[in-house]
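See below for the structure under consideration.
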Amino acid sequence: MAKPRKPKNDDAKPENSGALVRHQKLCLSIDIDRRRIYGHTELEIAVPEIGIVGLHAENLGIGSVLVDGEAAEFEYYPHQYHEESEKGLSAVLTPSLAADAASSAYITALERELVPNLLINCCKGFKNGSEQQPVTENGFHSSTEAKQQNARVIRIDYWVEKAETGIHFKDNVLHTDNQIRRARCWFPCIDDSSQRCCYDMEFTVAQNLVAVSNGNLKYQVLSKDDPPRKTYVYSLNVPVAAQWISLAVAPFEILPDHQFNLISHICLSSNMPKLRNTMEFFHSAFSCYKDYLLVDFPFESYKQVFIEPEMAVSSVSLGASMSIFSSQALFDEKVIDQTIDTRIKLAYALARQWFGVYITPEAPNDEWLLDGLAGFLTDYFIKKNLGNNEARYRRYKANCAVCKADYSGATALSLSASCKDLYGTQCIGLIGKIRSWKAVAIIQMLEKQMGPESFRNILQTIVSRAQDSTRTSRSLSTKEFRHLANKVGNLERPFLKDFFPRWVGSCGCPVLRMGFSYNKRKNMVELAVLRGCTASPDSGASVLNINADSENRDSDIGWPGMMSIRIYELDGMYDHPILPMAGDIWQLLEIQCHSKLAARRFQKPKKGSKPDGSDDNGDVMPALDMRSSSESPLLWMRADPEMEYLAEIHFNQPLQMWINQLEKDKDVIAQAQAIATLEALPQLSFSVVNALNSFLTDSKAFWRLRIEAAFALAKTASEETDWAGLVHLVKFYKSRRFDANIGLPKPNDFHDFPEYFVLEAIPHAVAMVRAADKKSPREAVEFILQLLKYNDNNGNTYSDVFWLAALVQSVGELEFGQQSVLFLTSLLKRIDRLLQFDRLMPSHNGILTVSCIRTLTQIALKLSEFIPLDRVIELIRPFRDFKTIWQVRIEASRALLDLELHCKGIDAALSLFIKYLEEEPSFRGQVKLGVHAMRLCQISGGSDSNDNIKSEVLVSLLLLLDGRIGFNNVFLRHHLFCIIQILAGRSPTLCGVPRETRTLLMGDAETSIEQKNMISSLVPEMKLPDLPSDIPNHPEPPSNTRHPLETPPDIPNPSHEVLAIPHASKEADTVSSGHERKMPSIKIRVKQSAATSRTEDADNKTVEKSQGGQHETDHGASSSVSVDAPQRNFAGVVSISNQNLEEVNSCHDHGSRMTASIGSAKPASDGDEIRKELLCTADSSKVSGQLQADVPLSSSFIQDNNIDAYAQKFASLQTLSIGRSGLDGGSLGLTDSSLHEKEKKKEKKKGKEKKRKREDHKERRDDPEYLERKRLKKEKKQKEKEMAKLPSKETNSSSVEPTKKGEPRMKSAPALLNPNEPSASDAVTKRVANERRGSDSMTKRVDVKPEASEGTSAAPKIRIKIKNRTLNKS
């Protein structure tokens, strides 16, 4: 009999010991005047056998706890702040120590929030009622009656005073927020996303107030008190998590939707006109989702509440069946610029009601799926309401941003370890946006693969199944969605098996670099493709939890699927889905052309045709000049034209083909790619300028791309092109906005919205024009001044505040030279006049004042040598007054921080930031300041420039992080943590935080220093065991901070033997044995190929990244011929010295590349067959001599040998190291009997080898190559005889240690050897002289086998086979 499937909620948090909330009731009375909440909550909870229920509660006063009406024992552990721990932080002297302390404090606080702090004893009368009932393995009773007996009703009387987070008071307004784990701050609950239940809520407020909450308003009750109070009763019949319970109380006005009765728009009376204008579209978004999903809205009502921006913690706070927005999103009928952003924001919040609130993720690592589905639904609304061009353009820009930022494990969407380590902080800040954009891109990729209708059926299946009353859970998992993609979407299992681990469970996006050539004889396009990845190899391997060998080899680079190549030929457009996303790094594809060039070769242009190829009769598509070459039928080419993959594509095609793509292709993505490429060209021509100008003046083109063309024209403007770009920009603007008779701007007319947006961007583009001295031309400054001076909005039905704000910001982009600085005074007077005007008649959200402050700051920073900054600071400081609106106040604070950074440095800027942060009353303002401080820290540089930060500043940041301000504002706390990490030169994320720092307490910073010193002193005596290959690679600490267990520079590496070599021959190849009687056999094959291009990437795939012998992870078969390989397979260890590397590098002709393969390390003592290779490439043309034996191999060696950047970064030679075996006193020797048996086996094997060689000699007696090798062998033996006269007692061994930046360094270690005593480092030095340095390809084979010789009982003997092969030169 099959086991029943385990319910999804059975694995609820272990902290709650299996407690399950079935229903919760809130009865609260709100006194806004006293800022006090009091009342009770009743929870119907299934109590586990242990009888203890753990709840979350913060900032609450607990009056009493009743269980089934009887008083119960409880223990309450409120949150304790660590503001008094400043003495313990006195030892935090550097940003690195501060980062360690911040990581520890932050992770400790996040983990502490997961633990319930209100423990209630429910044991009384519990055992008697449940002893006889069968119990399942999760602690719940199996029968329904038992569940009813197991349930307890817990009533908690509590109050909230001086609420600081979770719930907020200001004037006569109260509202809650949905910050992570802050629902506990206004009612006791199990504050976990896995705990979902239905709610009944009663809120008693003053008669003139309105209480808005989740669910359906059942009724209102007016009390007989004096003054009378009103009670609002809500019922939410859909189980949701506690974080989605919301409340807003204020003297609201309600605007019912004119098409859907269940929708209500709510705001304060002052914003009602804006609300009416903003919500005119909303019914279209609601009906759009309803028609697409073919089901009704999951909740009985939907309420949108708008509160003052000062109170809002974020732009939107989601709740079940309601959303709380900032009233900053509202606008009146005169505002144009804010329409698109507001509509998208409201549509996204509505989509989240479906996916995220109603349908919830089954586990934290499934949150990406709900976020992606909500974003996909929003994109569908954008496509239907705002147009296909807007939707595709936004998705293209989002994909570009993802490809640039998706390089670390923090952007892996569905990795369990990653989501757990981030504790929900992955949704905060820039990383949260990147993850959200990536999730939507992955969902859209799946839609492209299965088709729009099949994907729509999947979403309809998910939603309809969630509304099925027989289902107890409405959660969705990645595994379940993958199953639906197979069953409903008809995607094959092998594709899905590769798709989800690659895209969802891994970080990084594919990078494809393409170029082509046209083969006229075959009429084919030869397309060359170079594959890569945005993520570094170490991060990719660690995320995928597989070893670097299997993941990063050449044949496994890429992603599942087939990319399409679209070719526009003379005869039409053709798609060729022939480019596999997975394959070798380099690949060459052949694509057959359909156009017949021979038939068109003899066509001549008509006599009446124009020079540009056009004709008076019409626009002829196959004009000859459109081709990039007269010998090619190609017009232009595109890769992935339908944006089926999230990939960074670099396509190389001739200039004329890019111009054709811009002019003829109607797809906005093709046009955007063409504009970006033409803008980035190093050498500009008039054809490029004319093409961009034609696109700018084309009113049928998408307006966002016309703006991009304007900025591209500004970049092309220079003296070389006679300022053609600037001339075209000014001419275009004047043709639209100037009166030709008087030569002055016309009064504003903004009825044509696309033209309005384009013209609004022209002044900014003109301000970006630069002369050879990097200054703005005089004409550009005069043009902008003229626009500011003669702006006239009389008779215009629309507001010009955004228009003026754009003009003012363009002034800030100007660079004033000796000629243009004369206009500065006039410009400043205009800005001052606008400031005074905006103070008397405030603009929409203070946008005009914000632009003026920003521009004044930019001018002051650029001309700080001529403008006294103190005067500018005095001018801006009054705008920080708390009576001003928060947008202006925050912009003034940002400006003052910028000026402080410029004058006094990052230390003073952070001190001022801390001061402003403590003074800022609004949570959202605090977050804005935190984001700006992060940017300032990134501008100031890494830890090298931040080491001079005072300890007091670091301590203050740590106290804010772990204090009351950080706890109240979750978003600010995360940004404070990121600031400290950036100061230490680390990545601003919890992903990759070293495990060692998690044991560091904030108050124990001084102790941690002693611990690190103690660890460092013990490192030489420590020996870490080899880790199994199934352990994931954790992200490594940054290169500028030493790992706590890393060997200090002044301490010798304990994994390397210390050998003193007094006088080693510099010309000798040295192979040292790890044991005097037994050593493995080594075969060295050297192949030369003059046509080899770049193989360094392959090297890095098979080489482990070493940490000085301390942190090597055994990846199975990925180790090299060194003791980093599993020691169970070797009786001895092998080291190859510097001289060996020198000889290999110097044995080739100049200008050639060689590939050395060191493999087949097979000791005679083992029966296991080991095949391990280390590929290392170098350019032998740069090696001018042999290195000194005891000179370290520095980074210049890598650079001189032209090794790839990846090879420099990951140190492909690091695994060539001397063994660490036997360091703890263990013996590597074998018994005499076993050695005797092994010697017999070796003699027998050697006899077979000789016999085989004799037969081979008979067969190849007439082979000239064989005779040549034989002659060289004789010469070699003569050299060996000469070498026998040299002292054979001298040896040299070297080890490779990773430098601080990951570059390999060869380091020699001296030792004295006694030839009469057995030693682990005996070696026989042999010299291999190479007298032929021609271009012949050579293959060498070096067999090292132990044979008896003088001086030792079993010393190795080297046999070298040299094979010459003449290359056929063509």
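Just so it is clear, the structure is predicted and the values come from calculations on it, not from any experiment.
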Report the C-alpha separation of D379 and R395 in whole Å, then their side-chain angles, then the decisive distance to 0.1 Å, and conclude whether the salt bridge (Lys or Arg N to Asp or Glu O under 4.0 Å) test is met.
CA-CA 8 Å; D379 279 3; R395 178 50 37 204; 3.3 Å; yes
Looking only at heavy atoms, which two atoms of L827 and V781 are closest? And how far apart?
CD1-CG1, 4.2 Å
Give a yes or no on whether a salt bridge exists between R770 and E813, defined as a side-chain N under 4.0 angstrom from a carboxylate O.
no
Let me confirm one number: the SG-CG distance from C267 to L275, rounded to the nearest 0.5 Å.
4.0 Å
Show the nearest heavy-atom pair for residues L788 and V811, with the distance to one decimal.
CD1-CG2, 3.8 Å
May I ask you to decide if L834's main-chain N or O and D838's side chain share a donor-acceptor pair within less than 3.5 Å?
no
Verify the ring-centre separation between Y798 and H751: is it less than 6.0 angstrom?
yes
Should I762 and F732 count as side-chain neighbours, where that means a heavy-atom distance under 4.5 Å?
yes
I'd like to know if K438 pairs up with D406 as an ion pair, taking the criterion as any Lys NZ or Arg NE/NH1/NH2 lying under 4.0 Å from an Asp or Glu carboxylate oxygen.
yes
Please determine whether a side-chain nitrogen of the Lys or Arg among E874 and R877 lies less than 4.0 Å from a carboxylate oxygen of the Asp or Glu.
no
side-chain contact (heavy atoms from CB on, under 4.5 Å) between I336 and F757: does it pass, once the steps are laid out?
CA-CA 9 Å; I336 301 174; F757 286 120; 3.8 Å; yes
Treating T721 as the side-chain partner and A717 as the backbone partner, does any N or O pair qualify as donor plus acceptor under 3.5 Å?
no
Between the main-chain N or O of A771 and the side-chain N or O of E719, is there a donor-acceptor pair closer than 3.5 Å?
no
Answer yes when R737 and D792 have at least one side-chain N-carboxylate O distance shorter than 4.0 Å, and no when they do not.
no
Test item: S776 side-chain N/O and L814 main-chain N/O as donor-acceptor pair under 3.5 Å
no
Could you check whether atom CZ of F686 has more than 12 heavy atoms from other residues, nucleotides or ligands sitting under 6.0 Å from it?
yes
Drop me the distance from T342's OG1 to L330's CG, to the nearest 0.5 angstrom.
7.5 Å
Using a 3.5 Å distance criterion without hydrogens, assess whether the side chain of K274 forms a donor-acceptor pair with backbone atoms of A329.
no
Flag if over 12 foreign heavy atoms under 6.0 Å of CD, Q819
no
Answer whether the closest heavy-atom distance between the side chains of L897 and L910 falls below 4.5 Å.
no
In plain terms, say whether E390 and R394 are close enough for a salt bridge, that is, a side-chain N and a carboxylate O under 4.0 Å apart.
yes
Aromatic ring pairing F702/Y393, orientation class (parallel under 30°, perpendicular over 60°, tilted between)
perpendicular
Examine distances only and state if a side-chain atom of Q809 and a backbone atom of H764 form a donor-acceptor pair shorter than 3.5 Å.
no
Would you check, one step at a time, whether the test side-chain contact (heavy atoms from CB on, under 4.5 Å) holds for K345 with D341?
CA-CA 6 Å; K345 182 180 298 183; D341 292 340; over 6 Å; no
Looking at K774 and E815, is any side-chain nitrogen of the basic one under 4.0 Å from a carboxylate oxygen of the acidic one?
no
So, is the end of the R880 side chain (NZ or CZ) under 6.0 Å from the ring centre of Y916 and within 45° of the ring's axis?
yes
Side chain S436, main chain K433, donor-acceptor under 3.5 Å:
no
Beyond-backbone contact of V931 with H975, side-chain heavy atoms, under 4.5 angstrom
yes
N-O pairing of R889 and D881 below 4.0 Å
no
I'd like to know whether the aromatic ring centres of W803 and F750 sit less than 6.0 Å apart in this structure.
yes
Grab the two heavy atoms, one from S810 and one from I784, that are nearest each other, plus how far apart they are.
OG-CG2, 3.7 Å
May I ask you to check whether Q887 and R924 show a side-chain donor-acceptor distance below 3.5 Å?
no
Within the side chain of D332, is there an N or O that forms a donor-acceptor pair under 3.5 Å with the backbone of K334?
yes
In Å, rounded to the nearest 0.5 Å, how long is the span from CZ of F282 to CD of Q304?
3.5 Å
From L692 CG over to L729 CG, what is the distance, rounded to the nearest 0.5 angstrom?
10.0 Å
Which heavy-atom pair separates I434 from A401 by the least distance, and what is that distance?
CD1-O, 3.8 Å
Looking only at heavy atoms, which two atoms of L835 and T849 are closest? And how far apart?
CD2-CG2, 3.8 Å
Taking CD in E720 as the centre, count heavy atoms belonging to other residues, nucleotides or ligands within less than 6.0 Å. Is the count above 12?
no
Within the side chain of Q338, is there an N or O that forms a donor-acceptor pair under 3.5 Å with the backbone of Q328?
yes
With a 4.0 Å cut-off, would you call R392 and D667 a salt bridge?
yes
Going by an N to O cut-off under 4.0 Å, is there a salt bridge joining E755 and R736?
yes
So K915 and L912, side-chain contact (heavy atoms from CB on, under 4.5 Å) or not? Walk me through it.
CA-CA 5 Å; K915 176 187 175 184; L912 191 62; 4.3 Å; yes
Counting heavy atoms not belonging to K862, are there more than 12 under 6.0 Å from its NZ?
yes
Below 30° counts as parallel, above 60° as perpendicular, anything between as tilted: where do the rings of Y733 and F783 land?
perpendicular
Check against salt bridge (Lys or Arg N to Asp or Glu O under 4.0 Å), D898 and R854:
CA-CA 10 Å; D898 289 340; R854 190 174 300 164; over 6 Å; no
For T857 and A895 the tightest heavy-atom approach is OG1-CB, 3.0 Å
Are L662 and W658 side-chain neighbours, meaning at least one heavy-atom pair lies under 4.5 Å?
no
Ignoring hydrogens and angles, tell me if any N or O in the side chain of T855 forms a donor-acceptor pair with the backbone of V808 under 3.5 Å.
yes
What is the distance from atom CD of Q671 to atom CZ of F695, rounded to the nearest 0.5 Å?
4.0 Å
Side chains of S922 and E920 only: does a donor on one sit below 3.5 Å from an acceptor on the other?
yes
Check whether any side-chain heavy atom of P745 lies under 4.5 Å from a side-chain heavy atom of L787, and answer yes or no.
yes
Would you sort out whether F325 and L346 count as a side-chain contact (heavy atoms from CB on, under 4.5 Å), showing the intermediate values?
CA-CA 9 Å; F325 298 91; L346 298 178; 3.5 Å; yes
Would you call the rings of H844 and F802 parallel, tilted or perpendicular if under 30° counts as parallel and over 60° as perpendicular?
tilted
For the residue pair L929 and L972, establish whether any side-chain heavy-atom pair is separated by less than 4.5 Å.
no
Take atom CD in Q818; do more than 12 heavy atoms of anything else shown fall under 6.0 Å from it?
no
Side chains of L856 and L828 in contact at under 4.5 Å (non-hydrogen atoms)
yes
Using a 4.5 Å cut-off on heavy atoms from C-beta on, say whether the side chain of W886 contacts that of E308.
no
In terms of side-chain heavy atoms, does N796 have a donor or acceptor partner in D749 at a distance below 3.5 Å?
no
Side chains of Y790 and Q786: any donor to acceptor distance under 3.5 Å?
no
Could you state the interatomic distance from CG (N791) to CZ (R830), rounded to the nearest 0.5 Å?
10.5 Å
